[in-house]
Amino acid sequence: MSTTQIKFYQVGSFAVGNRLLREDERSVQSDPERTNALTSGHRACQGCGEALGARYALDAAMRATNDQLIAVNATGCLEVFSTPYPESSWRVAWLHSLFGNAPAVATGVAAALKAKGNHTTRVVAQGGDGATVDIGFGALSGMFERNDDVLYICYDNEAYMNTGVQRSGATPPAARTATTQAVGAKPGNVFGQGKYLPKIAMAHDIPYVATATIADLRDLEAKVERAMTMHGSRYLHVLVPCPLGWGSASCDTIKIARLATQSGLFPVFEAINGEVVASSKIRKKVSVEEYLKLQTRYSHLFSPQRNDEVIDHLQRIADKNIERYELMGE
Amino acid sequence: MDKPYAITLSVGSSLANHTGSWRVEHPEYVNRMPPCNKACPAGENVQNWLYIAEDGSYEQAWRELIKENPFPAIMGRVCYHPCQTACNRSFLDEAVGINSVERFLGDHALEKGWKIDPPEHETGLAVLVIGAGPAGLSAAYQLRRMGHQVVVRDATHQPGGMMRYGIPKYRLPREVLDAEINRIKEMGVIFQLNTRVDDVHDALEEGFDAVFMAIGAQLSKRTYIPAGESARILDAISVLHHFEDGQTPMLGRKVVIYGGGNTAMDVARTAKRLGAEEAIIVYRRTRDKAPANDQEIEEALEEGILIKWLSTVKYMGEDDMMIEKMALDEKGFPQPTGEFETLEADSLILALGQEVDFSLLGNNVDLDVKSGVMDVDTNMMTTHPGIFAGGDMVEGDRTVTTSVGHGKKAAKYIDAWLRQTKVEAKEEKDAVAFEDLNTWYYTDAPHAVRERLAATRRVYDFSEVVQGLDESTALYEARRCMSCGNCFECDNCFGVCPDNAIKKLGPGWGYEIDLDYCKGCGICVSECPASAIEMVSDL
Ligand SMILES: Cc1cc2nc3c(=O)[nH]c(=O)nc-3n(C[C@H](O)[C@H](O)[C@H](O)COP(=O)(O)OP(=O)(O)OC[C@H]3O[C@@H](n4cnc5c(N)ncnc54)[C@H](O)[C@@H]3O)c2cc1C
Ligand SMILES: Cc1ncc(C[n+]2csc(CCOP(=O)(O)OP(=O)(O)O)c2C)c(N)n1
Ligand code: SF4
Ligand code: SF4
Ligand code: SF4
Ligand SMILES: [Mg+2]
């Protein structure tokens, strides 16, 4: 009988778990003993991508640090839905101060640990896209520039969701928000504005910058784990669809994140010391339309009549990403 | 507890907040019908035994399989595998090679010598099975497992029916056939061979509590063919039967076979192996209309057999014959063209289908025959109480697998009839559609091909044409299964719930929804690869 190693595992590492894999090859989330850093009873909306992303990331960070972790949180949905006084959903040492100062607070926590001679406890800071790319941007850039020993995780749901879906610097063009209504000649958010924080982070030449989504758990976990093997400032930008703000079905949250990557609109890559070293290849290419159609924030592109000009423009953005980050594989 | 300044409430966990109250619908785990299971004429639970085999638990997988079908090694060789035709994976890349895994399990069991346990208790009831073909053997096996005493009578001197006297050994080696039948013998089934039953009614008088008739369709259909005095015209069933019993039929150098079914293919391929220089099949319709299985046509062509489609036999002489070309009319029916062709031919073998020999019904008129087959109700019982029938002699596809399915079904109803109980009706479930699956999660994996003996080598002898898979390839093939409609413990639901509302109960135990916290978002349902969860309204 043949004794060759069998390399095919049915779902490989696409699904959360795989009973055919060795224990040590399995994901953190497949472990019934996982931390559940953000536990049940939180008040996030049905199907919240941010709640899922935060649990994925922090559970992985907990495993990577043997549970020696302190998390600093900016104001935003993640903070509000998890800690309405006097309850908390956090099963990790957790600290909240203000909307705009999470990087600075995290820097302080890291400095305090160092001062106390604690070399094992690690620090993550986390916030929404508003906290990260807008109000906390100065503090974050300072943290990067000083290369403080913090992993900063941005949960990007592409608007200020907690206060009612206002535009942020990370809101994509054409998207409708409370402050970029679908009215006038150019409905929705304008083209040519906003900022892409992963590239700005890379420009600081920090040790590690990566993007991820909740549609690829194993990739996200691997990136958190890798970041935790390093010291200095590290930045992880995670796409987390928001059913409320994006106007999507609560059951489609992961699907939408997946379509964002498969259309090329959200490139998933990794950069070391400011240079891109790897990108996740597209497995099943889709047009941007398939992604847009599931979200009412883009419904003005399809009705009352189809707006080909804008859809084509968004497709060109996706195509550019595919080229720039080499998303198509060989 | 002393609280700090301005703090009035004690800190607590959000677990106190039961978000389940927000919900209007909740997920439930379900077992849906995989298309392969639905298509299997023997009613095998294919998805389940593939699942068990996937981690290398071959014996357990085999035991699960043989609950429905005692012949995996035979099936793995002769079944036309409608399961694979129905397999959802064919929409992704190629169908799962269910049949080759089945053969692997069957062969592996023979190699390891795994046995079937004898029944735990005896019922003291006795059933006579007439005919040791697949239908009779399957019924005998199931009835014996239920603890009944079973006697199988067959007119020939070896059991197997058309599995032995029809299917040639290059497709089904006799060691395999014998070994799988032997396992049934070892369970305590009594075989009475060389024992033709002349009147089924006698059996009941003999003291049997019930009878299962499975005599197959043994008579070759004939057609009138004008022929010269010394023309050699044979029928396919007799040729195959005699050859199996060691009598090599005189076929000559050039053999023509008339018919387009599997029997025609088998007899042509047998003739070629017996040394015929030329074997030509003549069939009046086109290839796509031929009842023969496509793989068998392909293998026959590979072995150098010529097939004259759209042709009929007009005359058979001593060493030549005449055929007429046909053409399809507007309705697609073949019509004569008046265009003739002469072929050299030493013998003509008719393979025009088979009929049931009803002589064993005796003179009694209480057994109904309808359109040439035995009339049975949905319980497989004939119009005579206590006499059941199945296999080729009743209506249905004439295949080994259908016969096995009939035998199993009949056994269930015979048992109920003997005990005066009712078989619980199973609801007909729709098969899981490909669109119901979330195929994103399955890795790309093309079908593993079973090796076949080179055509030039195989026409010299009767060695087996299609080879089996080795263990690693069989395992690979089993793992290609997408587990349509049934949980395969991929942990996706457990992982993707934003509310942590799913509990993982451990290997083999599955998962549980924690309704205290489930908000009813439905992500677990959409991200389940296998469509094994459904949303159910709470209202
Ligand atoms: C050449 C050929 C090739 C085939 N190839 C395939 C294939 O590849 N795959 C497939 O699925 N199917 C194949 N078939 C069809 C398949 O073999 C039959 O559908 C199947 O064997 C029928 O099973 P059965 O139990 O109803 O009857 P049979 O297999 O015909 O068995 C009936 C038995 O009853 C016995 N019997 C008959 N009358 C009496 C009596 N009065 N008293 C006692 N015993 C009696 C006979 O001796 C025989 O043993 C093939 C058939 C032929 C002829
Ligand atoms: C200085 C300050 N300005 C405004 C607010 C109100 N505020 C709270 S959360 C929030 C938006 C958060 O958006 P983002 O960071 O993207 O997180 P999300 O809620 O989308 O997850 C705002 C504007 C505040 N708390 N502090
Ligand atoms: S993928 Fe598996 S369960 Fe689905 S039809 Fe094919 S063999 Fe059956
Ligand atoms: S998601 Fe995976 S583990 Fe959950 S029910 Fe479906 S197959 Fe089973
Ligand atoms: S993912 Fe969680 S909250 Fe959503 S329906 Fe499933 S169990 Fe309920
Ligand atoms: Mg936001």
Side-chain angles (χ1 to χ4, degrees), chain A residues 1-20 26-27 29-32 36 38-53 55-56 82-91 214-215 217 243 249-255 258 262 283-284, chain B residues 7-19 22-23 54-56 438 440-445 470-473 475-476 478-483 488-501 503-507 514 516-517 519-527 529 535:
Chain A
M1 197 100 301
S2 155
T3 52
T4 41
Q5 241 235 293
I6 293 127
K7 297 213 178 55
F8 176 66
Y9 296 108
Q10 185 177 42
V11 286
S13 56
F14 294 122
V16 168
N18 186 337
R19 68 189 176 108
L20 304 171
R26 298 187 191 178
S27 70
Q29 287 303 311
S30 71
D31 182 357
N36 279 328
L38 179 68
T39 195
S40 311
H42 63 69
R43 285 151 163 87
C45 298
Q46 273 183 326
C48 171
E50 187 165 39
L52 187 59
R55 193 187 76 223
Y56 280 0
S82 63
T83 50
Y85 173 71
E87 281 169 17
S88 170
S89 306
W90 296 103
R91 305 195 347 149
I214 51 162
L217 168 72
S250 63
C251 62
D252 281 343
T253 303
I254 292 182
K255 180 179 182 184
R258 187 158 56 233
Q262 299 305 294
R283 270 176 83 212
K284 297 192 175 159
Chain B
I7 301 290
T8 52
L9 299 170
S10 299
V11 184
S13 164
S14 64
L15 291 172
N17 182 35
H18 286 184
T19 51
W22 303 9
R23 191 183 61 228
E54 275 160 25
D55 68 358
N438 189 336
W440 167 263
Y441 291 103
Y442 301 104
T443 37
D444 308 319
D470 64 13
E471 187 195 342
S472 65
T473 343
L475 197 58
Y476 166 87
R479 289 174 174 189
R480 293 182 64 242
C481 171
M482 305 188 290
S483 197
F488 62 109
E489 300 195 9
C490 75
D491 293 339
N492 247 19
C493 50
F494 174 63
V496 300
C497 175
D499 289 278
N500 248 340
K503 291 198 181 99
K504 179 171 167 177
L505 305 178
D514 188 342
D516 282 348
Y517 302 109
K519 291 173 185 161
C521 69
I523 294 185
C524 52
V525 174
S526 0
E527 299 306 319
M535 286 314 267

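Chain letters run A, B, ... following the sequence lines, proteins first, then strands; residues in each count from 1.
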Between A:Lys284, A:Gln46, A:Gln10, which residue shows the highest count of heavy-atom pairs closer than 4.5 Å to chain B?
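Most heavy-atom pairs within the cutoff with chain B belong to A:Gln10.
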Could you check which of A:Ala249, A:Gly49, A:Ala44, A:Cys45 has the highest count of heavy-atom pairs closer than 4.5 Å to chain B?
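Highest number of heavy-atom pairs under 4.5 Å: A:Ala44.
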Pick from [options]: which one has the most heavy-atom pairs with chain A under 4.5 Å?
{"options": "B:Phe488, B:Tyr517, B:Phe494", "value": "B:Phe494"}
{"options": "B:Ala16, B:Gly506, B:Cys497", "value": "B:Cys497"}
{"options": "B:Thr8, B:Asn17, B:Asp499", "value": "B:Asn17"}
{"options": "B:Arg23, B:Glu527, B:Glu489", "value": "B:Glu527"}
{"options": "B:Pro507, B:Ala478, B:Gly522, B:Pro529", "value": "B:Gly522"}

Please find the pair of heavy atoms, one from [X] and one from [Y], that lie closest to each other, and give the distance.
{"X": "B:Pro498", "Y": "A:Cys48", "result": "CB-O, 3.6 Å"}
{"X": "B:Cys521", "Y": "A:Gly47", "result": "CB-N, 3.2 Å"}
{"X": "A:Val11", "Y": "B:Tyr442", "result": "CG1-CD2, 3.9 Å"}
{"X": "B:Ile523", "Y": "A:Ser250", "result": "CG1-O, 3.3 Å"}

Checking the side chain of A:Ser89 only, and the main-chain atoms of B:Ser14 only, is there a donor and an acceptor separated by less than 3.5 Å?
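No, the answer is negative, given that no donor and acceptor are paired below the 3.5 Å cut-off.
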Donor-acceptor under 3.5 Å (A:Arg283 side chain, B:Thr443 main chain):
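Side chain of A:Arg283 to backbone of B:Thr443, a donor-acceptor pair under 3.5 Å: no, none is there.
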Atom pair [atom1] ([X]) and [atom2] ([Y]), whose distance is rounded to the nearest 0.5 Å:
{"X": "A:Tyr85", "Y": "B:Leu9", "atom1": "OH", "atom2": "CG", "result": "4.0 Å"}
{"X": "A:Gln29", "Y": "B:Lys504", "atom1": "CD", "atom2": "NZ", "result": "11.0 Å"}
{"X": "B:Lys519", "Y": "A:Ser40", "atom1": "NZ", "atom2": "OG", "result": "9.0 Å"}
{"X": "B:Asn492", "Y": "A:Phe14", "atom1": "CG", "atom2": "CZ", "result": "12.0 Å"}
{"X": "A:Leu20", "Y": "B:Cys490", "atom1": "CG", "atom2": "SG", "result": "11.0 Å"}

Considering only heavy atoms, which portion of [X] lies under 4.5 Å from any heavy atom of chain A: side chain, backbone, both, or neither?
{"X": "B:Cys493", "result": "neither"}
{"X": "B:Val496", "result": "both"}
{"X": "B:Tyr441", "result": "both"}
{"X": "B:Trp22", "result": "side chain"}
{"X": "B:Ile7", "result": "both"}
{"X": "B:Asn438", "result": "side chain"}

Counting C-beta onward and ignoring hydrogens, is there a side-chain heavy-atom pair between B:Asn500 and A:His42 closer than 4.5 Å?
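A side-chain contact is absent here, since even the closest heavy-atom pair is not under 4.5 Å.
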Under a 4.5 Å heavy-atom cut-off, does chain B meet the side chain of [X], its backbone, both or neither?
{"X": "A:Ile214", "answer": "neither"}
{"X": "A:Asn36", "answer": "both"}
{"X": "A:Arg91", "answer": "neither"}
{"X": "A:Gln262", "answer": "side chain"}
{"X": "A:Leu217", "answer": "neither"}

Could you tell me which residues satisfy salt bridge (Lys or Arg N to Asp or Glu O under 4.0 Å) with B:Glu54, sequence neighbours excluded, listed by chain and number?
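Partners of B:Glu54 by the salt bridge (Lys or Arg N to Asp or Glu O under 4.0 Å) criterion, ordered by chain and then number, come out as A:Arg19.
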Pair B:Trp440, A:Lys255 - check side-chain contact (heavy atoms from CB on, under 4.5 Å), show working.
CA-CA 10 Å; B:Trp440 167 263; A:Lys255 180 179 182 184; over 6 Å; no
